Amino acid sequence: MSNASELFPQRRATRLPGGYMGQLLRVDLTTGSMRDENLPEEPLLKKFIGGQSLASYILLRELPLDAKPYGPENKVVMMTGPITGTGFTPGGTKVTAVYLSPLTNHTLGRGAASGFWAVYLKAAGYDGIIIEGAAQKPTYLFINEGRAELRDASRVWGKGATETEDLLRQEVGLKDAKVMCIGPAGENLVHAAMLCNDYNHNAAHSGGAVFGSKKLKAIVVHGTARPPLYDRERLIEAGLRWRNTLMVRHEAEKRTAGHAVDLGAAPNFNFRSTVIEESHIEGFDKNRVTLRPCFQCQRLCPWDVELKAGKHSGTVGHFNAGSEWLDTFYNLGVRGNDALYLAQRINDLGIECSHFSCGVGVAFEAWEKGLLDAEKTGGLKFEWGNVEVVDRLLDMAARREGYWGNLLAEGPVEVAAAIGGDAPKWVVHTKKGTPALHDWRPHFGQMIREIVASGGMKPQGGGSVNPPPDLKYREKWGPLDRDDPAGWSWSNALSEQYRQFCGVIGGCWFAQMHMKPDGIKSIVDSFNATTGWSFDIDQALEAGHRSAMLQSIFGTQRGWIAEHDWQDVGPRFLEPLPDGKHKGFTIAKWLPDMVYEYHRLMGRHEKTGRPFMDTLSRLGLEEFKEWAQLD
Amino acid sequence: MSEKYGSLIPTGKLLDGKPRTILFDATKCIGCRQCVHACKDWNDHPRTTIYELSSTNWITMEPPVLEGLSPLWARNSCMHCEYPMCAAVCPVEAITKYEEGPVVINQDVCIGCEYCIYACPWGVISKNDITHKATKCTMCSDRLSDNKQPFCVQACPVEALDFGLQEEMTAKAKKRAEEVNGYLYGDKEASGTQLIYVLKEKKESYGLRSVGPEKYPKHRIPLGLMLKDLFTLRCGLPGKLRALYLAIIHPGRLIYRYWPWRSVA
Ligand code: SF4
Ligand code: SF4
Ligand code: SF4
Ligand code: SF4
């Protein structure tokens with residue numbers, strides 16, 4: 001492998017495409033040194049673009065094979081994309097961070113955030129950041145107008161995410177500075193700790209823990225710059241088309257049980273019932289709800305709530321659209337406004353909610369079944385719906401306090417193993433990570449996506465019953481049958497590609513309305529107008545495919561094989577649905593075939609997960625040929 | 001136009017001469033500041049800052065707290081007065097009132113005397129530190145001449161901003177105010193503006209200024225500033241000559257500039 005200076009030219013020999021600021025900041029926390037790196041030359045940029053793809057490529061080039069997740073040699077590469085922060089498109093908000101995941105110790109960890117932070121990183125003059133080494137004491141990075149400095153973070157160490165944001169904004173004296181930080185969970189190396197930004201946003205899947213291991217509390221960004229645009233007028237036109245495809249979310253939606261309603265199932269009592277009842281949303285109708293959209297995005301995902309009923313009346317919560325933090329507490333038997341209260345707590349502490357819920361879920365079930373008693377729980381009653389106990393466990397987990405705090409911080413698999421008996425059969429996990437907490441089990445597309453995910457990292461994909469209208473020119477299939485696995489592996493693989501593309505260019509895939517006419521085309525056109533390239537849809541899908549391939553190559557290098565995808569899954573996740581509309585359904589009947597099929601369709605060997613040589617050549621990734629499947 | 005303004009202020013036409021109004025419905029506004037960033041995007045202004053009006057930030061949403069964190073939000077930008085005092089005091093006639101509504105400062109003509117900054121009852125004009133010219137919201141006159149709505153209006157994700165013919169917007173605002181049992185703002189202030197607000201509470205709750213109903217509201221340009229402009233080289237010789245010439249051909253305007261305590265019909 002070649003060295004870094006080859007990747008980042010001293011002086012650019014090729015054009016810098018539109019949309020890019022042109023520079024990355026490299027920060028070595030061990031020595032405190034920092035330097036600017038020019039973005040790669042145009043051909044390479046065109047291949048990897050930005051976001052997860054370019055970030056993973058940099059990581060693949062720079063991360064030693066024997067790196068440990070919490071060792072100073074682990075790196076965090078954070079990348080925006082060319083459409084981030086132009087202001088002329090919806091969803092131009094994404095930053096993606098990649099690193100070696102402490103959840104699995106061998107796969108790519110990835111966290112992605114929307115909101116404002118990414119836009120202001122570009123305003124500060126940078127497309128991305130490479131974080132190396134580890135600081136001796138709590139530190140934060142402050143980047144203002146192209147000037148970066150490391151500062152002492154001891155004042156905010158130990159504080160929750162919201163307060164950290166406020167304090168650091170005050171400290172730098174800039175009202176419109178934007179903050180990405182970790183809560184106590186990240187500081188204490190809770191494996192599933194998140195990065196938190198702009199009040200309402202979290203990048204899950206361990207980035208927070210890696211920050212914590214480097215004693216990096218936060219990155220504060222501010223600036224006045226804006227990305228240069230190749231064809232502003234065309235971008236405005238394409239951005240408007242994109243906007244017109246958006247299905248706008250409404251306030252009323254924020255008073256429902258969220259995504260569980262769409263999925264037709266809520267996880268209850270550690271995934272043992274799927275029924276959604278009135279009590280799930282108790283008090284929601286009385287709350288004050290305020291929409292709080294991301295930068296120039298009209299999809300209106302994020303929202304704030306002020307609880308107006310229940311014991312925690314007066315609590316203010318900041319959420320994004322996902323609603324996995326609701327299902328997180330539904331799964332523990334908590335209902336209504338109590339669930340919202342706890343959701344705000346977990347976000348502020350910075351713990352990935354599903355990881356917590358799947359762990360506590362097993363422990364509560366063990367209590368119910370008599371495997372645990374007060375003696376073993378330190379007097380805490382592990383009863384379903386016990387808000388005080390859940391609240392207490394949150395604090396304990398975030399600070400690795402006591403036996404249970406420590407165990408929960410490790411993860412659900414460890415919790416089950418420690419309880420022993422049948423408990424390991426009750427776990428939901430994928431390769432020790434946890435799926436975004438919803439009950440995905442009734443759906444082929446969603447399940448295959450979760451199972452092949454890079455170890456608890458929320459994958460992109462999920463598939464659709466019919467091909468997206470914009471892909472009808474090449475995709476001649478559908479409608480797929482919800483009870484028949486045929487076609488779902490490809491549908492998922494395809495959606496992974498267009499969603500990856502959206503993220504790679506710096507866009508938010510929640511703003512990609514793939515099932516609307518122009519839902520993909522308008523995004524590709526926005527990207528072309530911004531950069532000056534002229535991708536067609538096939539090339540866009542290929543860019544997404546390439547990003548997904550880099551992700552699996554990273555795992556291959558460190559011992560992941562495709563067989564792990566269906567073998568290393570928590571049994572509860574594969575159990576037939578206990579009740580409800582889809583009672584009895586499980587994807588397990590079609591495993592491992594669906595996983596094999598998915599990998600074959602992506603151009604990998606079905607068992608090893610290694611890419612075939614012709615896949616690598618097609619994607620221009622020949623340099624990774626030593627990791628290819630040769631027979 | 002001419003019977004309304006005489007030779008008091010420069011007037012012009014961008015499109016069809018039909019007056020337009022921006023409607024700001026505070027009952028719908030969520031304080032997201034997409035309008036603020038949109039204005040910056042359209043006018044290619046620096047990304048920050050967004051909390052204060054400046055020569056590169058022509059609109060703020062008040063109060064100056066993070067997006068979404070206040071229960072009430074008010075737009076703070078040029079009101080596009082029907083009787084714009086800023087235009088009346090400009091010694092070089094750099095400010096034009098267009099029939100469609102926009103009050104626009106011509107950057108090529110402005111000499112940076114700052115009179116308009118003091119004369120504006122809403123205090124929404126800022127001086128650019130580099131060009132030394134006065135700047136403010138143009139009601140997107142450059143878009144209006146292409147028959148496109150202001151960029152901030154287009155951006156608003158919850159339709160708290162609207163734009164259209166003045167009578168339609170006024171009717172809509174009145175209806176809406178009745179529906180929510182609220183208040184109007186901007187319709188009577190300074191004898192009418194081409195912004196109209198629908199408020200759910202009294203204007204004081206939003207921190208909105210009280211501006212009387214008279215046309216060309218009184219103002220106070222500091223005497224020192226006027227003396228400096230008359231007797232020093234500030235604003236350049238060509239600017240002074242132009243001001244002198246215009247004072248001679250339009251003497252009726254001087255009263256607005258130098259006798260702000262006057263009472264004129
Ligand atoms: S789609 Fe939703 S999460 Fe994504 S940028 Fe838009 S508002 Fe934010
Ligand atoms: S609000 Fe001020 S700047 Fe705008 S038209 Fe009225 S007087 Fe002029
Ligand atoms: S009308 Fe145009 S210039 Fe005025 S605030 Fe809106 S976007 Fe800015
Ligand atoms: S864009 Fe609309 S909702 Fe947002 S602050 Fe402006 S007027 Fe209010």
Side-chain angles (χ1 to χ4, degrees), chain A residues 85-90 92 115-116 119-125 144-145 162 165-166 169 174-178 198-200 221-229 232 235-236 239-240 243 246 248-251 288-300 302-306 316 318, chain B residues 25-57 59-73 128-130 140 142-143 146 148-161 200:
Chain A
T86 71
F88 293 119
T89 71
F116 296 84
V119 177
Y120 280 66
L121 173 65
K122 284 180 87 167
N144 186 20
E145 289 286 27
T162 318
E165 239 192 71
D166 289 344
R169 232 190 311 273
L174 294 163
K175 259 185 174 172
D176 42 11
K178 302 290 173 190
D198 302 310
Y199 277 48
N200 301 60
V221 289
H222 179 266
T224 55
R226 50 174 63 244
L229 304 173
R232 184 174 179 269
L235 173 61
I236 293 176
L240 255 188
R243 178 181 175 171
L246 292 183
V248 178
R249 303 184 201 256
H250 294 281
E251 198 200 295
R288 188 166 75 84
V289 166
T290 312
L291 299 169
R292 200 167 170 192
C294 301
F295 175 77
Q296 302 312 80
C297 185
Q298 301 82 16
R299 175 104 156 103
L300 308 184
W303 56 290
D304 284 355
V305 69
E306 186 187 345
V316 176
H318 309 281
Chain B
D25 188 342
T27 68
K28 291 188 183 162
C29 176
I30 54 174
C32 66
R33 294 206 171 88
Q34 293 200 2
C35 49
V36 178
H37 279 292
C39 181
K40 285 175 167 291
D41 289 332
W42 178 254
N43 295 296
D44 214 8
H45 287 154
R47 181 55 70 210
T48 53
T49 65
I50 54 169
Y51 288 107
E52 297 91 34
L53 286 181
S54 73
S55 61
T56 55
N57 196 51
I59 164 174
T60 61
M61 292 305 299
E62 305 290 341
V65 298
L66 273 180
E67 292 74 32
L69 290 194
S70 165
L72 296 178
W73 292 94
N128 185 307
D129 291 340
I130 296 160
C140 285
D142 49 343
R143 292 175 55 83
D146 288 339
K148 289 185 181 146
Q149 58 181 345
F151 212 59
C152 54
V153 175
Q154 177 173 310
C156 179
V158 294
E159 290 168 355
L161 289 170
K200 53 188 160 191

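Note on naming: letters A, B, ... go to the chains in the order of the sequence lines (proteins, then strands), and numbering restarts at 1 for each one. All values reported here derive from a predicted model rather than from experimental measurement.
- For the pair B:Thr48 (side chain) and A:Gly223 (backbone), a donor-acceptor distance under 3.5 Å is present.
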Q: Show the numbers, then the answer: is there a side chain to side chain contact (heavy atoms under 4.5 Å, CB included) between A:Thr224 and B:Thr49?
A: CA-CA 8 Å; A:Thr224 55; B:Thr49 65; over 6 Å; no
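- Between the A:Arg292 side chain and the B:Glu67 main chain, a donor and an acceptor come within less than 3.5 Å of each other.
- Using modelled atom types, no side-chain atom of B:Arg47 and backbone atom of A:His222 make a donor-acceptor pair closer than 3.5 Å.
- Contacts of A:Leu291 with chain B are made by both backbone and side-chain atoms, with heavy-atom separations under 4.5 Å.
- Heavy atoms of A:Leu174 lying under 4.5 Å from chain B are absent altogether.
- For B:Asp41 and A:Arg226, the salt-bridge test passes: some basic side-chain N is under 4.0 Å from an acidic carboxylate O.
- In summary, A:Arg232 and B:Asp44 do not engage in a salt bridge, as defined by a charged side-chain N under 4.0 Å from a carboxylate O.
- No part of A:Val316 comes within reach of chain B, as not one of its non-hydrogen atoms sits under 4.5 angstrom from that chain.
- Of the listed residues A:Leu240, A:Asn200, A:Asp198, the one with more heavy-atom pairs under 4.5 angstrom with chain B than any other is A:Leu240.
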Q. So A:Gln298 and B:Val158, side chain to side chain contact (heavy atoms under 4.5 Å, CB included) or not? Walk me through it.
A. CA-CA 8 Å; A:Gln298 301 82 16; B:Val158 294; over 6 Å; no
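- Judged purely by atom type and a 3.5 angstrom limit, B:Gln34 uses its side chain to pair as donor or acceptor with the backbone of A:Cys294.
- Salt-bridge check for B:Lys28 with A:Glu251: failed, with every basic side-chain N at 4.0 Å or more from each acidic carboxylate O.
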